[in-house]
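Encoded as C-alpha coordinates, the structure appears first; notes follow it.
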Amino acid sequence: MRTMTVAAARRTALAAQGFADPRPSGEPTRRHLNRVLDRVQLLQLDSVNVAVRAHYMPLFSRLGAYSSSLVDSAAWSHSARSPRLLVEYWAHEASLVPVEDWPLFRWRMRDYESRTGQYWKVAKANLPLQDDVLAAVNELGPVGAGTLEAELDRKRPKASGGWWDRSEVKIACEYLFAIGELTTGSRTGFQRLYDLPERVLPPEVHGGPEVSTEDAVRELIDRSAIALGVATESDLRDYYRIKPKFAAPAFDDLVDAGRLEPVTVPGWRSRTYRHVDARTPRKITGRALLCPFDPLIWERPRTERLFDFHYRIEIYVPEPKRVYGYYVFPFLLDGELVARVDLKADRAAGVLRVPGAFAEPGVDTGRVGVELAEELRLMADWLGLDGVVVGEKGDLAGPLAAVVPAQARLATP
(Lines give C-alpha, C1' and ligand atoms only; values in the text may rest on other atoms or scores of the structure.)
Protein backbone atom coordinates (compact mmCIF):
# COMPACT_ATOMS: atom_id res chain seq x y z
CA MET A 1 0.00 0.00 0.00
CA ARG A 2 1.34 3.43 -0.94
CA THR A 3 2.24 5.83 1.87
CA MET A 4 1.66 9.56 1.33
CA THR A 5 3.10 12.22 3.59
CA VAL A 6 0.70 14.76 5.04
CA ALA A 7 2.35 17.41 2.85
CA ALA A 8 1.70 15.32 -0.27
CA ALA A 9 -1.89 14.67 0.84
CA ARG A 10 -2.34 18.42 1.36
CA ARG A 11 -1.06 19.26 -2.13
CA THR A 12 -3.25 16.52 -3.58
CA ALA A 13 -6.32 17.91 -1.82
CA LEU A 14 -5.56 21.46 -2.95
CA ALA A 15 -5.10 20.38 -6.56
CA ALA A 16 -8.35 18.41 -6.46
CA GLN A 17 -10.16 21.54 -5.27
CA GLY A 18 -8.71 23.66 -8.07
CA PHE A 19 -6.04 25.56 -6.16
CA ALA A 20 -3.27 24.35 -8.46
CA ASP A 21 -5.01 26.04 -11.42
CA PRO A 22 -4.07 29.64 -12.24
CA ARG A 23 -6.83 32.23 -12.00
CA PRO A 24 -8.10 33.49 -15.36
CA SER A 25 -6.28 36.50 -16.75
CA GLY A 26 -9.52 37.98 -18.08
CA GLU A 27 -13.19 38.03 -17.13
CA PRO A 28 -14.26 34.55 -15.94
CA THR A 29 -16.84 32.88 -18.16
CA ARG A 30 -19.19 29.92 -17.93
CA ARG A 31 -16.29 27.78 -19.09
CA HIS A 32 -14.40 28.74 -15.93
CA LEU A 33 -17.49 28.08 -13.82
CA ASN A 34 -17.70 24.60 -15.34
CA ARG A 35 -14.03 24.03 -14.56
CA VAL A 36 -14.60 24.85 -10.88
CA LEU A 37 -17.73 22.68 -10.75
CA ASP A 38 -15.79 19.78 -12.27
CA ARG A 39 -13.47 20.13 -9.29
CA VAL A 40 -15.75 20.87 -6.33
CA GLN A 41 -18.92 19.12 -7.62
CA LEU A 42 -21.33 21.31 -5.63
CA LEU A 43 -21.76 24.70 -3.93
CA GLN A 44 -23.20 24.87 -0.43
CA LEU A 45 -25.97 27.38 0.26
CA ASP A 46 -26.21 29.31 3.51
CA SER A 47 -28.34 32.23 4.63
CA VAL A 48 -25.57 34.21 6.37
CA ASN A 49 -24.81 37.38 4.40
CA VAL A 50 -22.49 39.28 6.73
CA ALA A 51 -19.76 39.27 4.07
CA VAL A 52 -21.01 37.39 1.00
CA ARG A 53 -23.38 34.47 0.43
CA ALA A 54 -21.59 31.13 0.76
CA HIS A 55 -22.37 29.89 -2.77
CA TYR A 56 -20.62 32.85 -4.40
CA MET A 57 -17.37 32.76 -2.44
CA PRO A 58 -15.78 29.44 -3.57
CA LEU A 59 -15.69 30.70 -7.14
CA PHE A 60 -14.05 33.96 -6.07
CA SER A 61 -11.50 31.95 -4.07
CA ARG A 62 -10.54 30.01 -7.20
CA LEU A 63 -11.22 32.45 -10.06
CA GLY A 64 -10.79 35.87 -8.54
CA ALA A 65 -13.28 38.63 -9.31
CA TYR A 66 -16.19 37.47 -11.47
CA SER A 67 -19.77 38.52 -12.09
CA SER A 68 -22.21 36.91 -9.64
CA SER A 69 -24.64 36.66 -12.55
CA LEU A 70 -22.51 33.73 -13.68
CA VAL A 71 -23.82 31.70 -10.72
CA ASP A 72 -27.30 33.24 -10.76
CA SER A 73 -27.92 32.37 -14.40
CA ALA A 74 -26.50 28.88 -13.97
CA ALA A 75 -28.67 28.18 -10.91
CA TRP A 76 -31.94 30.06 -11.31
CA SER A 77 -32.65 30.75 -14.96
CA HIS A 78 -32.45 28.98 -18.25
CA SER A 79 -32.81 29.70 -21.95
CA ALA A 80 -32.00 28.03 -25.24
CA ARG A 81 -28.68 29.85 -25.37
CA SER A 82 -27.84 29.49 -21.68
CA PRO A 83 -29.33 26.29 -20.21
CA ARG A 84 -29.57 25.85 -16.47
CA LEU A 85 -26.47 24.13 -15.09
CA LEU A 86 -27.37 23.82 -11.40
CA VAL A 87 -30.33 22.76 -9.31
CA GLU A 88 -30.91 22.89 -5.55
CA TYR A 89 -31.11 19.84 -3.34
CA TRP A 90 -29.86 18.40 -0.05
CA ALA A 91 -26.32 17.29 -0.90
CA HIS A 92 -23.78 18.63 1.61
CA GLU A 93 -26.56 20.46 3.42
CA ALA A 94 -28.62 22.65 1.07
CA SER A 95 -26.55 22.86 -2.09
CA LEU A 96 -26.41 23.68 -5.75
CA VAL A 97 -25.56 20.52 -7.69
CA PRO A 98 -25.20 19.93 -11.44
CA VAL A 99 -28.58 19.37 -13.10
CA GLU A 100 -27.46 16.01 -14.44
CA ASP A 101 -26.81 14.81 -10.86
CA TRP A 102 -30.49 15.10 -9.85
CA PRO A 103 -31.20 11.36 -10.47
CA LEU A 104 -28.35 10.48 -8.11
CA PHE A 105 -30.40 11.87 -5.21
CA ARG A 106 -33.65 10.01 -5.83
CA TRP A 107 -32.59 7.43 -3.25
CA ARG A 108 -32.33 10.26 -0.72
CA MET A 109 -35.78 11.49 -1.71
CA ARG A 110 -37.13 8.00 -1.05
CA ASP A 111 -35.27 7.93 2.27
CA TYR A 112 -36.84 11.24 3.34
CA GLU A 113 -40.27 9.93 2.35
CA SER A 114 -39.82 6.89 4.56
CA ARG A 115 -38.77 8.77 7.69
CA THR A 116 -40.99 8.73 10.77
CA GLY A 117 -39.56 11.37 13.11
CA GLN A 118 -41.68 14.14 14.63
CA TYR A 119 -41.08 16.65 11.84
CA TRP A 120 -41.89 14.08 9.19
CA LYS A 121 -45.09 13.11 11.00
CA VAL A 122 -46.16 16.76 10.94
CA ALA A 123 -45.28 16.99 7.25
CA LYS A 124 -47.21 13.86 6.33
CA ALA A 125 -50.24 14.56 8.52
CA ASN A 126 -51.96 16.86 6.03
CA LEU A 127 -51.96 15.22 2.60
CA PRO A 128 -54.75 17.48 1.26
CA LEU A 129 -52.53 20.50 2.04
CA GLN A 130 -49.71 18.95 0.04
CA ASP A 131 -52.07 18.51 -2.90
CA ASP A 132 -53.20 22.12 -2.54
CA VAL A 133 -49.60 23.34 -2.46
CA LEU A 134 -48.67 21.38 -5.56
CA ALA A 135 -51.73 22.69 -7.42
CA ALA A 136 -50.94 26.28 -6.40
CA VAL A 137 -47.30 25.95 -7.43
CA ASN A 138 -48.42 24.48 -10.74
CA GLU A 139 -50.57 27.56 -11.30
CA LEU A 140 -48.33 30.27 -9.81
CA GLY A 141 -44.74 29.01 -9.72
CA PRO A 142 -42.02 29.99 -9.17
CA VAL A 143 -43.58 31.12 -5.90
CA GLY A 144 -42.58 31.67 -2.27
CA ALA A 145 -44.14 30.07 0.79
CA GLY A 146 -45.62 33.39 1.94
CA THR A 147 -47.47 33.86 -1.33
CA LEU A 148 -48.67 30.27 -1.15
CA GLU A 149 -50.01 30.84 2.35
CA ALA A 150 -51.92 33.89 1.16
CA GLU A 151 -53.19 32.02 -1.88
CA LEU A 152 -54.39 29.15 0.27
CA ASP A 153 -56.00 31.65 2.67
CA ARG A 154 -54.28 30.42 5.79
CA LYS A 155 -53.39 32.39 8.91
CA ARG A 156 -49.86 31.02 9.16
CA PRO A 157 -50.51 28.53 11.98
CA LYS A 158 -47.33 27.23 13.56
CA ALA A 159 -46.29 23.66 14.05
CA SER A 160 -45.33 22.90 17.63
CA GLY A 161 -41.57 22.84 18.10
CA GLY A 162 -38.70 22.06 15.77
CA TRP A 163 -37.75 23.41 12.41
CA TRP A 164 -37.85 27.03 13.57
CA ASP A 165 -41.64 27.00 14.23
CA ARG A 166 -42.39 27.01 10.53
CA SER A 167 -45.92 27.42 9.26
CA GLU A 168 -47.68 24.29 8.08
CA VAL A 169 -47.54 25.55 4.48
CA LYS A 170 -43.77 26.05 4.74
CA ILE A 171 -43.41 22.58 6.28
CA ALA A 172 -45.41 21.12 3.39
CA CYS A 173 -43.21 22.96 0.89
CA GLU A 174 -39.99 21.77 2.51
CA TYR A 175 -41.26 18.21 2.75
CA LEU A 176 -42.22 18.23 -0.92
CA PHE A 177 -38.80 19.68 -1.70
CA ALA A 178 -37.11 16.90 0.28
CA ILE A 179 -38.98 14.13 -1.53
CA GLY A 180 -38.41 15.69 -4.94
CA GLU A 181 -41.95 16.86 -5.67
CA LEU A 182 -40.84 20.50 -5.57
CA THR A 183 -37.56 22.23 -6.31
CA THR A 184 -36.32 25.81 -6.49
CA GLY A 185 -37.35 27.56 -9.66
CA SER A 186 -35.75 30.86 -8.78
CA ARG A 187 -34.81 33.05 -5.83
CA THR A 188 -35.64 36.62 -4.85
CA GLY A 189 -32.85 37.79 -2.60
CA PHE A 190 -32.37 34.57 -0.70
CA GLN A 191 -36.04 33.55 -0.63
CA ARG A 192 -36.65 30.20 -2.25
CA LEU A 193 -39.33 30.28 -4.95
CA TYR A 194 -40.74 26.81 -5.41
CA ASP A 195 -41.53 25.24 -8.75
CA LEU A 196 -42.25 21.80 -10.18
CA PRO A 197 -39.16 19.80 -11.12
CA GLU A 198 -40.52 19.07 -14.59
CA ARG A 199 -40.48 22.81 -15.31
CA VAL A 200 -36.93 23.25 -14.01
CA LEU A 201 -35.14 20.11 -15.19
CA PRO A 202 -34.71 18.95 -18.79
CA PRO A 203 -36.95 15.99 -19.73
CA GLU A 204 -34.03 13.58 -20.03
CA VAL A 205 -33.08 14.34 -16.41
CA HIS A 206 -36.50 14.54 -14.78
CA GLY A 207 -37.98 11.65 -16.74
CA GLY A 208 -34.79 9.65 -17.10
CA PRO A 209 -34.22 6.09 -15.93
CA GLU A 210 -34.23 5.29 -12.23
CA VAL A 211 -30.81 4.90 -10.60
CA SER A 212 -30.53 2.27 -7.87
CA THR A 213 -29.42 3.32 -4.41
CA GLU A 214 -26.24 1.29 -4.75
CA ASP A 215 -25.29 2.80 -8.12
CA ALA A 216 -26.14 6.34 -7.03
CA VAL A 217 -24.19 6.17 -3.78
CA ARG A 218 -21.21 4.62 -5.55
CA GLU A 219 -21.25 7.46 -8.09
CA LEU A 220 -21.53 10.09 -5.34
CA ILE A 221 -18.61 8.59 -3.42
CA ASP A 222 -16.60 8.69 -6.64
CA ARG A 223 -17.50 12.37 -7.06
CA SER A 224 -16.47 12.98 -3.45
CA ALA A 225 -13.09 11.40 -4.17
CA ILE A 226 -12.64 13.56 -7.29
CA ALA A 227 -13.35 16.66 -5.19
CA LEU A 228 -11.11 15.65 -2.27
CA GLY A 229 -8.22 13.91 -4.04
CA VAL A 230 -7.18 11.90 -1.01
CA ALA A 231 -9.56 11.30 1.88
CA THR A 232 -10.72 8.99 4.63
CA GLU A 233 -13.96 7.07 4.41
CA SER A 234 -15.55 9.60 6.76
CA ASP A 235 -14.35 12.48 4.56
CA LEU A 236 -15.82 10.84 1.48
CA ARG A 237 -19.17 10.17 3.13
CA ASP A 238 -19.37 13.68 4.59
CA TYR A 239 -19.07 15.40 1.22
CA TYR A 240 -22.62 14.34 0.35
CA ARG A 241 -23.65 13.52 3.93
CA ILE A 242 -24.06 9.81 3.21
CA LYS A 243 -24.72 7.52 6.15
CA PRO A 244 -22.43 4.50 6.66
CA LYS A 245 -25.21 2.01 5.97
CA PHE A 246 -25.60 3.38 2.45
CA ALA A 247 -21.91 3.97 1.73
CA ALA A 248 -20.22 0.82 3.03
CA PRO A 249 -20.44 -1.30 -0.15
CA ALA A 250 -19.29 1.56 -2.39
CA PHE A 251 -15.68 1.66 -1.19
CA ASP A 252 -14.84 -1.94 -2.08
CA ASP A 253 -16.65 -1.59 -5.41
CA LEU A 254 -14.66 1.53 -6.31
CA VAL A 255 -11.38 -0.10 -5.29
CA ASP A 256 -12.20 -3.17 -7.39
CA ALA A 257 -13.09 -0.89 -10.32
CA GLY A 258 -9.76 0.92 -10.05
CA ARG A 259 -11.31 4.25 -9.13
CA LEU A 260 -9.98 4.38 -5.57
CA GLU A 261 -6.53 3.35 -4.36
CA PRO A 262 -6.07 2.56 -0.65
CA VAL A 263 -3.20 4.61 0.80
CA THR A 264 -1.69 5.36 4.19
CA VAL A 265 -1.15 8.87 5.54
CA PRO A 266 0.80 9.07 8.82
CA GLY A 267 -1.46 10.15 11.66
CA TRP A 268 -4.68 9.38 9.78
CA ARG A 269 -6.29 6.54 11.67
CA SER A 270 -9.19 5.77 9.34
CA ARG A 271 -9.08 3.92 6.03
CA THR A 272 -7.86 6.37 3.42
CA TYR A 273 -8.15 6.43 -0.37
CA ARG A 274 -6.64 8.36 -3.25
CA HIS A 275 -8.71 8.89 -6.39
CA VAL A 276 -7.15 7.39 -9.50
CA ASP A 277 -7.25 10.75 -11.30
CA ALA A 278 -5.83 12.79 -8.42
CA ARG A 279 -2.54 14.58 -9.01
CA THR A 280 0.06 15.70 -6.52
CA PRO A 281 1.86 18.87 -7.65
CA ARG A 282 5.38 19.50 -6.42
CA LYS A 283 4.19 22.80 -4.95
CA ILE A 284 1.12 24.98 -4.66
CA THR A 285 1.37 28.73 -5.10
CA GLY A 286 -1.14 31.57 -4.90
CA ARG A 287 -3.54 32.90 -2.32
CA ALA A 288 -7.23 32.71 -1.47
CA LEU A 289 -9.69 33.72 1.22
CA LEU A 290 -11.94 30.81 2.17
CA CYS A 291 -15.45 31.26 3.51
CA PRO A 292 -16.55 28.95 6.37
CA PHE A 293 -18.55 26.83 3.91
CA ASP A 294 -15.83 26.31 1.31
CA PRO A 295 -15.57 22.60 0.47
CA LEU A 296 -11.83 22.63 1.12
CA ILE A 297 -12.40 23.31 4.82
CA TRP A 298 -16.04 22.60 5.68
CA GLU A 299 -15.18 19.31 7.43
CA ARG A 300 -13.23 20.69 10.38
CA PRO A 301 -11.41 17.48 11.47
CA ARG A 302 -10.10 17.05 7.90
CA THR A 303 -8.94 20.67 7.88
CA GLU A 304 -6.98 20.01 11.05
CA ARG A 305 -5.45 16.82 9.67
CA LEU A 306 -4.40 18.46 6.40
CA PHE A 307 -3.32 21.90 7.59
CA ASP A 308 -2.78 21.59 11.35
CA PHE A 309 -5.36 24.38 11.52
CA HIS A 310 -7.99 24.27 14.26
CA TYR A 311 -11.06 26.01 12.86
CA ARG A 312 -14.56 26.46 14.21
CA ILE A 313 -17.30 28.86 13.17
CA GLU A 314 -18.33 31.13 16.05
CA ILE A 315 -21.62 32.54 14.76
CA TYR A 316 -23.55 30.89 17.60
CA VAL A 317 -20.96 31.68 20.28
CA PRO A 318 -21.86 34.68 22.49
CA GLU A 319 -19.73 37.63 21.43
CA PRO A 320 -17.69 37.89 24.67
CA LYS A 321 -16.67 34.24 24.27
CA ARG A 322 -15.61 34.41 20.62
CA VAL A 323 -11.91 33.80 20.06
CA TYR A 324 -11.59 35.11 16.51
CA GLY A 325 -14.92 36.66 15.50
CA TYR A 326 -18.36 36.20 14.04
CA TYR A 327 -17.62 35.18 10.42
CA VAL A 328 -13.99 34.19 10.03
CA PHE A 329 -12.25 33.43 6.74
CA PRO A 330 -9.05 31.32 6.73
CA PHE A 331 -6.35 32.69 4.42
CA LEU A 332 -4.59 30.24 2.11
CA LEU A 333 -1.12 31.22 0.91
CA ASP A 334 1.15 28.96 -1.15
CA GLY A 335 -0.57 25.81 0.03
CA GLU A 336 -0.77 26.61 3.75
CA LEU A 337 -3.45 28.16 5.94
CA VAL A 338 -1.41 31.02 7.37
CA ALA A 339 -3.99 33.37 8.91
CA ARG A 340 -7.65 34.02 9.59
CA VAL A 341 -9.68 37.22 9.34
CA ASP A 342 -13.09 38.21 10.66
CA LEU A 343 -14.88 39.92 7.76
CA LYS A 344 -17.97 42.08 7.38
CA ALA A 345 -19.20 43.83 4.25
CA ASP A 346 -20.42 47.18 5.58
CA ARG A 347 -22.55 48.11 2.60
CA ALA A 348 -23.92 51.27 4.20
CA ALA A 349 -20.40 52.66 4.64
CA GLY A 350 -19.12 51.08 1.44
CA VAL A 351 -16.20 49.25 3.06
CA LEU A 352 -15.01 45.73 3.81
CA ARG A 353 -14.37 45.68 7.55
CA VAL A 354 -11.76 43.46 9.18
CA PRO A 355 -12.56 43.53 12.92
CA GLY A 356 -9.85 40.97 13.63
CA ALA A 357 -6.82 39.48 11.87
CA PHE A 358 -4.77 36.60 13.29
CA ALA A 359 -1.58 34.95 12.07
CA GLU A 360 -0.78 31.27 12.52
CA PRO A 361 2.30 30.50 14.63
CA GLY A 362 5.64 30.86 12.87
CA VAL A 363 4.49 32.64 9.70
CA ASP A 364 6.18 35.71 8.23
CA THR A 365 3.59 38.30 9.29
CA GLY A 366 5.13 40.94 7.04
CA ARG A 367 4.65 38.89 3.88
CA VAL A 368 1.31 37.49 5.00
CA GLY A 369 0.08 41.04 5.68
CA VAL A 370 1.06 42.20 2.18
CA GLU A 371 -0.55 39.23 0.44
CA LEU A 372 -3.68 39.38 2.60
CA ALA A 373 -4.08 43.12 2.02
CA GLU A 374 -4.03 42.59 -1.73
CA GLU A 375 -6.60 39.77 -1.54
CA LEU A 376 -8.86 41.85 0.69
CA ARG A 377 -8.63 44.76 -1.74
CA LEU A 378 -9.59 42.43 -4.58
CA MET A 379 -12.54 41.10 -2.55
CA ALA A 380 -13.71 44.61 -1.68
CA ASP A 381 -13.60 45.60 -5.35
CA TRP A 382 -15.50 42.44 -6.28
CA LEU A 383 -18.21 43.26 -3.75
CA GLY A 384 -18.49 46.83 -5.05
CA LEU A 385 -17.00 48.33 -1.88
CA ASP A 386 -14.68 51.33 -1.82
CA GLY A 387 -11.99 50.05 0.50
CA VAL A 388 -10.83 47.96 3.44
CA VAL A 389 -10.96 49.02 7.09
CA VAL A 390 -8.74 47.12 9.52
CA GLY A 391 -9.61 46.94 13.19
CA GLU A 392 -7.29 46.36 16.13
CA LYS A 393 -8.03 42.80 17.24
CA GLY A 394 -5.44 40.10 16.62
CA ASP A 395 -1.68 39.89 16.16
CA LEU A 396 -1.94 40.38 12.39
CA ALA A 397 -4.02 43.55 12.62
CA GLY A 398 -1.00 45.84 12.90
CA PRO A 399 1.04 44.37 10.01
CA LEU A 400 -2.11 44.26 7.88
CA ALA A 401 -3.13 47.84 8.65
CA ALA A 402 0.38 49.01 7.82
CA VAL A 403 0.01 47.88 4.20
CA VAL A 404 -3.66 48.55 3.55
CA PRO A 405 -3.89 51.63 1.29
CA ALA A 406 -4.19 54.78 3.39
CA GLN A 407 -7.37 55.87 1.65
CA ALA A 408 -9.02 52.63 2.70
CA ARG A 409 -8.27 53.06 6.41
CA LEU A 410 -11.32 55.18 7.05
CA ALA A 411 -12.10 54.33 10.65
CA THR A 412 -11.75 51.63 13.24
CA PRO A 413 -14.87 49.40 13.25
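Predicted, not measured: the structure shown is a model, and the values here were computed from it.
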Over all atoms of both residues, closest heavy-atom pair of [X] and [Y]:
X	Y	result
Val230	Arg302	O-NH1, 2.9 Å
Leu306	Ala13	CD1-CB, 3.9 Å
Leu296	Gln17	N-OE1, 3.5 Å
Ala145	Val169	O-CG1, 4.1 Å
Arg115	Lys124	O-NZ, 2.7 Å
Ala278	Gly229	CB-O, 3.7 Å

Taking the basic N atoms (NZ, or NE/NH1/NH2) and the acidic carboxylate oxygens, is any pair closer than 4.0 Å for [X] and [Y]?
X	Y	result
Arg353	Asp342	no
Glu113	Arg110	no
Glu233	Arg237	no
Arg223	Glu219	yes

With a 4.5 Å limit on heavy-atom distance, are the side chains of [X] and [Y] in contact?
X	Y	answer
Val6	Val265	yes
Leu59	Val71	yes
Leu289	Met57	yes
Arg62	Arg35	no
Asp277	Ile226	no
Leu220	Phe105	yes
Ile313	Arg300	yes
Tyr239	Trp298	yes

Phe358 and Tyr324 aromatic ring geometry - parallel, tilted or perpendicular at 30°/60° bounds: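 The rings of Tyr324 and Phe358 stand perpendicular, inter-plane angle above 60°.
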Whether Trp382 and Phe60 hold their rings parallel, tilted or perpendicular, with breakpoints at 30° and 60°: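 Ring orientation of Trp382 relative to Phe60: parallel.
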Counting only N and O atoms by type, is there a donor-acceptor contact under 3.5 Å from the side chain of [X] to the main-chain atoms of [Y]?
X	Y	value
Arg287	Leu332	no
Asp395	Ala359	yes
Tyr326	Leu343	no
Arg30	Leu33	no
Asp346	Leu352	no
Glu314	Gly325	yes
His92	Asp238	yes

[X] [atom1]: over 12 foreign heavy atoms closer than 6.0 Å:
X	atom1	value
Lys344	NZ	no
Asp308	CG	no
Glu319	CD	no

Can you tell me how far apart [atom1] ([X]) and [atom2] ([Y]) are? Round to the nearest 0.5 Å.
X	Y	atom1	atom2	answer
Gln41	Ser224	CD	OG	8.0 Å
Ser95	Leu43	OG	CG	8.0 Å
Trp102	Thr183	CH2	OG1	4.0 Å
Ile315	Arg322	CD1	CZ	8.5 Å
Thr232	Glu299	OG1	CD	6.0 Å
Thr365	Leu400	OG1	CG	10.5 Å

Pairs where residues 8-28 contributes a residue and the test salt bridge (charged side-chain N to carboxylate O under 4.0 Å, His left out) is met, not counting sequence neighbours: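 Counting only pairs at least two positions apart or across chains, the salt bridge (charged side-chain N to carboxylate O under 4.0 Å, His left out) contacts touching residues 8-28 are Arg10-Glu336, Asp21-Arg39, Asp21-Arg279, Arg23-Glu375.
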Within 45° of the axis and under 6.0 Å from the centre of the six-membered ring of [Y], does NZ or CZ of [X] qualify?
X	Y	answer
Arg271	Phe251	no
Arg340	Phe309	yes
Arg192	Phe177	yes
Arg241	Trp90	no

Does either side chain, that of [X] or that of [Y], offer a donor lying less than 3.5 Å from an acceptor on the other one?
X	Y	result
Asp222	His275	yes
Ser67	Ser69	yes
Thr280	Arg274	no
Trp107	Glu214	no
Asp235	Tyr273	no

Ring pair (Phe, Tyr, Trp, His ring centres under 6.0 Å) against Phe293, all qualifying residues, sequence neighbours excluded: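 Phe293 satisfies ring pair (Phe, Tyr, Trp, His ring centres under 6.0 Å) with no residue once adjacent residues are dropped.
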Ring centers of Phe331, Phe329 separated by less than 6.0 Å: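 When the ring centroids of Phe331 and Phe329 are compared, they turn out to be at least 6.0 Å apart.
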Qualifying residue, where the test is side-chain contact (heavy atoms from CB on, under 4.5 Å) with Leu86 and the options are Leu96, Val97, Thr184, Val99: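 Single pass found, and it is Leu96.
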Candidate pair Leu254 and Arg218, rule side chain to side chain contact (heavy atoms under 4.5 Å, CB included), full reasoning: CA-CA 7 Å; Leu254 289 167; Arg218 185 167 54 248; 3.7 Å; yes
Worked verdict on Gln191 versus Thr147 for side chain to side chain contact (heavy atoms under 4.5 Å, CB included): CA-CA 11 Å; Gln191 181 192 15; Thr147 301; 5.6 Å; no
From CA spacing to verdict: side chain to side chain contact (heavy atoms under 4.5 Å, CB included), Cys173, Val133: CA-CA 7 Å; Cys173 289; Val133 167; 3.9 Å; yes
Side chain to side chain contact (heavy atoms under 4.5 Å, CB included) between Asn49 and Arg347, intermediate numbers included: CA-CA 11 Å; Asn49 195 31; Arg347 294 167 179 88; 3.8 Å; yes
